[in-house]
Amino acid sequence: MGVRHSLIIGLLALIGATLAWVYWDALIGHAGTRLAGLALERVPESGVSNPVTAVLLNFRAYDTLLELAVLLAAILGIWSSGPEARGFLPAGPVLGALTSWVVPLLILAAGYLLWVGGHAPGGAFQAGALLGAAGVVLRLSGEPSAGLPPLPWLRVGIGLGVLIFTLTGLALMALGQGFLTYPAASAKWLILMIETAATLSIGATLAAAYLAGEPVPARSTTQQPGGTRP
Amino acid sequence: MYGLGGILLFLLGVWSFLVHDGLLRKLIAINVTGAGVFHVFIAVAYRGLDAAPDPVPHALVLTGIVVAVSATALALTLGQRLERPDD
């Protein structure tokens with residue numbers, strides 16, 4: 001056992017030294033061409049002024065589309081592994097009151113982050129994470145549906161991001177642009193539309209992933225507003 | 001410094017993944033490894049105090065975090081299914 005461990009430590013130290021050397025070399029060595037200049041230079045054409053959002057939703061839109069597809073694949077895998085886990089008991093009055101404060105605030109903050117993503121740090125993923133967190137809070141405080149809509153609507157919500165994204169790309173292709181090459185005039189609104197759909201989709205997916213299985217349709221009678229609905 | 005910290009996290013994650021038993025610990029180890037990689041990316045994006053950071057690695061890290069979270073959720077569900085006694 002001791003020999004094996006020291007062997008692993010030795011190997012890891014070697015790998016670490018190599019990585020550190022490569023990192024150092026890349027940092028100090030020669031200033032090759034980097035994408036930063038190119039990306040920052042073209043941000044004004046992208047329809048948003050936050051460079052990270054511009055890269056995510058415009059220059060590297062394929063990445064983001066496929067990332068939404070990864071989320072979709074993950075939730076499909078989770079659903080196919082069986083029914084959801086059992087929920088918790090309803091919360092006591094203190095936690096219940098706190099939840100009824102926190103969840104609307106989370107939804108409001110998600111909307112703010114979605115809008116502010118155009119010109120400052122923020123965007124669809126942060127907003128979607130907040131929506132997902134709202135769902136998790138609801139679920140932890142005993143709301144069995146985690147604020148999610150009934151299953152047919154939930155399916156639509158989860159697919160919405162990929163759907164809108166792909167449809168936008170195809171529509172732009174039909175108009176003679178490239179796939180997901182936004183015309184500069186309408187880029188802002190297209191990006192905002194895609195981000196809104198992506199936010200709803202990400203929020204629904206994260207909250208649904210927290211259920212750890214496919215929702216049981218029979219118990220969707222106590223539907224309450226909130227959670228991942230706008 | 002931040003990048004070297006990232007490399008250290010990466011190594012700790014790999015170590016933990018190789019040495020420790022138990023699915024949950026291995027999963028946490030993989031996440032630590034991923035966090036190390038994100039650290040390195042963010043460190044690479046730094047371009048001096050007076051210049052804006054490189055947005056491309058930032059976007060990549062954002063994508064990576066979401067993928068990591070969804071993969072973790074899937075792995076946790078699969079692990080839970082493995083533990084279930086009835087099938």
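If you're wondering where the values come from, they're calculated on a predicted model, not measured in any experiment. In what follows, chains are A, B, ... by sequence order, proteins preceding strands, each numbered from 1.
No part of B:A75 comes within reach of chain A, as not one of its non-hydrogen atoms sits under 4.5 angstrom from that chain. For A:L206, the part lying near chain B is the side chain, with the backbone staying farther off; criterion is any non-hydrogen pair under 4.5 Å. Contacts of B:L60 with chain A are made by side-chain atoms alone, with heavy-atom separations under 4.5 Å and no backbone atom involved. At a 4.5 Å heavy-atom cutoff, the contact between B:L18 and chain A is made by backbone and side-chain atoms alike.
Atom CG of residue B:L11 and atom CG of residue A:L11 lie 11.0 Å apart, to the nearest 0.5 angstrom. In this structure, the separation between CZ on B:R81 and CD1 on A:I78 is 13.5 Å, given to the nearest 0.5 Å. Atoms CD1 and OG1, on B:I7 and A:T18 in that order, are 9.5 Å from each other to the nearest 0.5 Å. From B:T77, atom OG1 reaches atom CG of A:L211 across 10.0 Å, with rounding to the nearest 0.5 Å. Note that CH2 of B:W15 is 13.0 Å distant from CD1 of A:I15, once rounded to the nearest 0.5 Å.
A pairwise comparison of heavy atoms in A:F125 and B:V66 identifies CD2-CG2, 3.6 Å as the closest pair. Across all non-hydrogen atoms, the minimal contact from A:G77 to B:L74 is C-CD1, 3.6 Å.
The most heavy-atom pairs under 4.5 Å with chain A, out of B:V69, B:T63, B:V56, come from B:T63. For the options A:I9, A:L66, A:T64, A:D63, heavy-atom pairs under 4.5 Å to chain B are most numerous at A:I9. Per-residue counts of heavy-atom pairs under 4.5 Å with chain B were compared for A:A13, A:A74, A:A129, A:S81; the largest is that of A:S81. No other option in B:L62, B:L78, B:V67 has as many heavy-atom pairs under 4.5 Å with chain A as B:L62.
More than 12 non-hydrogen atoms from other residues, nucleotides or ligands lie less than 6.0 angstrom from CZ of B:F38.
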